[in-house]
**Student:** 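Could you have a look at this structure, given as structure tokens, before my questions?
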Number of protein chains: 4
Amino acid sequence: MTTGGATQTRRRGRPRSDRARRAILKAAEELLLAPSGDAVSMDAVAARAGVSKATIYRWWRSKETLTLDALYDEWATASRPRDTGSLRGDLLSLLRPWVELAGRRPYGPVIARLITEARTDPTFAEEYQARFVQPRREAGRAIFARSIERGELPPDTDVEVALDLLYGPLYHRLLHGHASFDDRFARDVVDTALAGILPRRE
Amino acid sequence: MTTGGATQTRRRGRPRSDRARRAILKAAEELLLAPSGDAVSMDAVAARAGVSKATIYRWWRSKETLTLDALYDEWATASRPRDTGSLRGDLLSLLRPWVELAGRRPYGPVIARLITEARTDPTFAEEYQARFVQPRREAGRAIFARSIERGELPPDTDVEVALDLLYGPLYHRLLHGHASFDDRFARDVVDTALAGILPRRE
Amino acid sequence: MTTGGATQTRRRGRPRSDRARRAILKAAEELLLAPSGDAVSMDAVAARAGVSKATIYRWWRSKETLTLDALYDEWATASRPRDTGSLRGDLLSLLRPWVELAGRRPYGPVIARLITEARTDPTFAEEYQARFVQPRREAGRAIFARSIERGELPPDTDVEVALDLLYGPLYHRLLHGHASFDDRFARDVVDTALAGILPRRE
Amino acid sequence: MTTGGATQTRRRGRPRSDRARRAILKAAEELLLAPSGDAVSMDAVAARAGVSKATIYRWWRSKETLTLDALYDEWATASRPRDTGSLRGDLLSLLRPWVELAGRRPYGPVIARLITEARTDPTFAEEYQARFVQPRREAGRAIFARSIERGELPPDTDVEVALDLLYGPLYHRLLHGHASFDDRFARDVVDTALAGILPRRE
DNA sequence: CGGTAATCGAGACGGTACGTCATGTCTTACA
DNA sequence: TGTAAGACATGACGTACCGTCTCGATTACCG
């Protein structure tokens with residue numbers, strides 16, 4: 001992991017400056033989401049953080065890895081989904097906070113950049129998946145598993161397709177920006193995906 | 001328009017070299033989809049096309065605009081959807097050729113790059129939408145309109161959400177590459193979106 | 001010669017447009033001596049003359065050749081030296097009009113450019129010499145020859161050195177611009193150089 | 001100053017690579033005086049020096065400024081004039097080494113290029129004057145001052161004109177190349193000019 | 001308390017691509 | 001055939017980032 005976690009055995013030498021680490025992440029995040037929208041440059045991040053480029057590259061392999069961390073700082077706070085007892089409730093508790101978070105600021109371009117890089121560099125792709133995609137997808141899988149256990153869904157439900165039917169539309173609007181990306185849309189997606197577009201025959 | 005359309009009244013000077021235009025588009029397309037995946041460089045396109053950079057910049061404002069045209073050359077051939085008489089049939093005839101085309105080569109990274117640029121440069125966003133997104137979306141709208149006319153769907157159906165429920169999952173896999181992007185998935189998406197994830201009560 | 005002289009035998013086809021020729025020379029001359037001082041570009045000359053670049057290149061091999069002609073248009077008017085009966089008078093009648101002409105406008109940079117080109121391209125060097133240097137030098141030689149014939153100067157006078165002693169200082173100030181380039185300087189040069197060239201009376 | 005002088009107080013960051021600096025100057029000088037005579041290109045200098053273009057532009061504002069330094073590297077070695085006790089001796093000790101140096105290689109076109117640039121860009125003109133013109137001219141002024149002090153020359157001698165009478169012919173041949181530029185010519189110029197400058201014995 | 005070692009700031013470096021510009025050639029349609 | 005329009009290949013320009021590097025200065029620990 002880039003950011004480093006527990007300080008395993010206490011290393012020799014000067015310890016890492018946490019002030020620098022935080023300044024870098026803050027600067028990166030501010031530049032990423034700047035209204036101007038122009039791409040972040042490492043020189044700019046270094047300058048704004050009052051830090052040397054070498055320090056950044058000591059802890060982050062690339063601009064994209066830094067972007068990942070800068071974003072993750074905020075996104076990790078997305079609330080964990082609750083067990084509401086129903087599939088619909090669980091999914092709403094999974095997706096609505098995520099949509100609220102993703103819509104709060106212009107994340108679209110940033111995510112697009114991350115995806116671009118992920119499709120170019122397989123190593124980065126792994127990090128991206130591990131941090132941004134799989135955790136939420138795994139949470140979704142757990143929800144569907146509970147629903148199947150409850151007998152709400154048949155055991156042969158194709159969960160992967162179901163997840164794409166939920167996350168796909170959300171990412172679609174987040175990235176393309178062709179229509180509103182809000183709580184209402186999140187609810188519409190959940191409801192329509194669960195019930196289907198065609199009306200039920202009574 | 002960059003590609004130029006009908007030759008209105010025959011201009012005065014030396015006419016545009018169609019040989020150069022085709023060579024540029026071909027070179028761009030080949031480099032875009034090169035297995036190496038490294039980004040296209042304008043110098044590389046110029047060199048491969050046996051053309052000067054100035055000539056490229058005379059006709060395309062930016063690398064992304066060129067990318068758009070290069071891709072469009074292939075994608076414009078995607079077959080028009082047929083009127084099959086049923087919503088499901090129409091949608092399948094809309095989406096399956098598109099999936100077949102998009103999956104034939106590694107378009108994911110390319111599309112990701114276009115989206116990134118679109119979210120950065122509003123002028124480019126318009127071109128991208130007009131060429132790649134709206135035409136297919138419009139075709140989808142026509143399909144839903146026919147279906148409503150036939151009484152298959154209620155008139156208050158939210159078509160925009162429905163379209164996102166169809167295109168969203170497809171783009172999701174195309175861009176993220178987390179699962180297979182194929183004809184089977186296209187059919188699953190259509191069927192599940194139309195019928196819903198939850199089982200019908202009989 | 002580039003400009004062409006008498007139309008020998010009446011050529012076939014459309015005759016050369018004299019209007020275009022004059023417009024080109026005028027445009028070139030105006031741009032060359034523009035206060036901005038930025039270099040002339042052939043596109044700019046063509047645009048200002050309302051002429052196509054091809055037309056320029058049909059009649060002038062290069063930008064420098066055109067510059068030569070554009071300048072020559074003005075400089076050819078420099079009055080012929082008169083036979084005043086004395087070496088000093090002859091030289092003053094040779095150099096003072098030339099200095100007056102060369103100082104009237106910012107010719108320094110232009111001449112510098114011509115010299116640069118002449119030292120690079122031997123073909124151009126010949127044209128430059130033939131048009132700008134040798135005629136005046138030849139006039140100088142004639143003056144010295146008359147002076148020797150009159151017995152004013154000994155027959156073994158090194159005329160080439162003498163000419164450089166006269167033209168050298170003038171070109172020096174014209175090109176370097178480190179001190180005033182005016183009629184007074186011309187007279188000073190003639191008087192001082194002459195004092196050294198003329199034999200001492202014993 | 002671009003070349004840098006004494007290392008004042010030891011700067012913070014990575015120190016300038018002297019290896020790169022020398023390689024750049026050497027490459028520039030080699031290309032400037034290449035027999036081919038084709039103009040130097042910054043790309044060529046960078047390639048030959050094994051250096052990036054950015055590094056060149058970090059230290060030199062323009063191609064001409066670099067040329068100045070590259071040339072100066074060699075020309076700064078021109079011997080200081082000695083006090084020989086006579087005006088003639090002093091001037092010969094000033095001019096002959098300069099002529100020897102300037103004639104050793106094809107400097108004509110290079111100097112012409114510098115002059116052209118100096119007459120276009122006033123900022124560069126100052127640098128050019130300060131480095132190439134004024135030092136030698138100042139040395140000349142000192143020589144004349146000593147001569148006046150000795151009573152060899154009258155106090156109202158126009159030193160500036162005298163200097164132009166000496167340097168003018170030399171530059172004239174150096175730039176125009178119309179006649180031999182050698183030690184003999186230097187002596188001829190000094191002798192002829194001096195005869196005009198020195199007062200007549202009555 | 002002095003040595004060892006990893007960190008930090010500053011910033012220069014080689015490299016790659018950018019998008020622009022000027023040169024001189026060329027290919028049309030029109031005169 | 002000459003000309004206006006203007007596209008073309010060539011190649012240099014100067015700039016912007018990238019990620020690496022080399023300094024001197026700092027800050028811990030460990031002996």
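Chain identifiers are assigned alphabetically (A, B, ...) following the order of the sequence lines, protein sequences preceding nucleic acid strands; residue numbering begins at 1 within each chain.
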**Student:** Measure from the side-chain heavy atoms of A:A54 and tell me the nearest of E:dG15, E:dG24, E:dG11.
**Tutor:**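 Closest nucleotide to the A:A54 side chain: E:dG11.
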**Student:** Can you tell me the distance, in whole Å, between the CZ atom of A:R48 and the P atom of F:dC17?
**Tutor:**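 Atom-to-atom, A:R48 to F:dC17, this comes out as 15 Å.
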**Student:** So, does the side chain of A:R14 form a donor-acceptor pair with the base of F:dT27 at under 3.5 Å?
**Tutor:**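 It does not, because no donor-acceptor pair links the side chain of A:R14 to the base of F:dT27 below 3.5 Å.
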**Student:** Looking only at side-chain atoms of C:D43, point me to the closest of F:dA4, F:dC13, E:dT23.
**Tutor:**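 Nearest to the side chain of C:D43 among the choices is E:dT23.
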**Student:** Give the rounded distance in Å between these two atoms: CD1 of C:I56 and P of F:dG6.
**Tutor:**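 Going from C:I56 (CD1) to F:dG6 (P), I get 15 Å.
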**Student:** Charged N to carboxylate O under 4.0 angstrom, C:R105 versus C:E29?
**Tutor:**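 Looking at C:R105 and C:E29, the cut-off is met.
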**Student:** Nearest 0.5 Å, please: how far is OG1 in A:T123 from CD in A:E126?
**Tutor:**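 Result: 6.5 Å between the selected atoms.
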**Student:** So does D:S41 reach the base of F:dA12 with its side chain, donor to acceptor, closer than 3.5 Å?
**Tutor:**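 There is none.
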**Student:** Once you round it to whole Å, what is the distance between P of F:dC8 and CZ of B:R21?
**Tutor:**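 Checked: the CZ to P distance equals 11 Å.
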**Student:** Round to the nearest Å and state the distance from A:K63 atom NZ to E:dT16 atom P.
**Tutor:**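 To the nearest whole Å, that distance equals 18 Å.
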**Student:** What's the CH2-C1' distance between C:W60 and F:dT3, to the nearest Å?
**Tutor:**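 From C:W60 CH2 to F:dT3 C1': 14 Å.
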**Student:** When the distance from CD of A:E64 to P of F:dC17 is rounded to whole Å, what number comes out?
**Tutor:**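 Value for this atom pair: 15 Å.
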**Student:** Taking the basic N atoms (NZ, or NE/NH1/NH2) and the acidic carboxylate oxygens, is any pair closer than 4.0 Å for B:R113 and B:E117?
**Tutor:**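 A salt bridge is absent here (no side-chain N lies under 4.0 Å from a carboxylate O).
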**Student:** If each of C:A49 and A:A44 is mapped to the nucleotide of DNA chain F with the nearest heavy atom, which maps nearer the 5' terminus, i.e. the 5' end?
**Tutor:**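 Counting from the 5' end, the first nearest nucleotide belongs to C:A49.
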**Student:** Under 4.0 Å, counting only non-hydrogen atoms across every strand here, what does D:V45 touch: a base, just sugar-phosphate, or nothing?
**Tutor:**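 The answer is nothing, as D:V45 stays clear of every strand by at least 4.0 Å.
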**Student:** Do any side-chain nitrogens or oxygens of B:W59 fall under 4.0 Å of OP1 or OP2 in F:dA7?
**Tutor:**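 Negative; the distance criterion is not met.
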**Student:** With nearest nucleotides of DNA chain E determined for D:A20 and C:Y57 from heavy-atom distances, which residue corresponds to the more 5′ nucleotide?
**Tutor:**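 Looking at the nearest nucleotide for each, D:A20 comes out on the 5' side.
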**Student:** Determine whether B:L68 and B:F124 make a side-chain contact, defined as any pair of heavy atoms from C-beta on separated by less than 4.5 Å.
**Tutor:**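 Answer yes - side chains close enough.
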**Student:** Can you measure D:D121 atom CG to F:dG14 atom C1' for me and round it to whole angstrom units?
**Tutor:**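 Result: 15 Å.
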**Student:** Less than 4.0 angstrom between a side-chain N/O of D:R12 and OP1 or OP2 of F:dC23, yes or no?
**Tutor:**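 For F:dC23, neither OP1 nor OP2 has a side-chain N or O of D:R12 closer than 4.0 Å.
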**Student:** Can you tell me if the side-chain N/O atoms of A:R16 get under 4.0 Å from OP1 or OP2 in E:dA6?
**Tutor:**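 Answer no for this pair, as no side-chain N or O of A:R16 is under 4.0 Å from OP1 or OP2.
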**Student:** Answer yes or no: is there a side-chain heavy-atom contact under 4.5 Å between A:L66 and A:W59?
**Tutor:**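 No. Closest side-chain heavy atoms not under 4.5 Å.
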**Student:** Which residue, B:M42 or D:R19, contacts DNA chain E at a nucleotide closer to its 5' end, judged by nearest heavy atom?
**Tutor:**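 By nearest-heavy-atom nucleotide position, the 5'-most residue is D:R19.
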**Student:** Decide yes or no, distance alone: a donor-acceptor N/O pair under 3.5 angstrom between the base of E:dG15 and the side-chain of D:K53.
**Tutor:**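 Looking at the base of E:dG15, it does not pair with any donor or acceptor on the side chain of D:K53 (distance under 3.5 Å).
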**Student:** Please check the phosphate of E:dA12 (OP1 and OP2 only) for any side-chain N or O of D:T55 closer than 4.0 Å.
**Tutor:**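 Answer is no, no contact under 4.0 Å.
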**Student:** Salt bridge or not between C:R61 and C:E127? Use side-chain N to carboxylate O under 4.0 Å.
**Tutor:**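 Yes, charged N to carboxylate O under 4.0 Å.
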**Student:** To the nearest angstrom, how far is A:L66 atom CG from F:dG19 atom P?
**Tutor:**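 Between P of F:dG19 and CG of A:L66: 11 Å.
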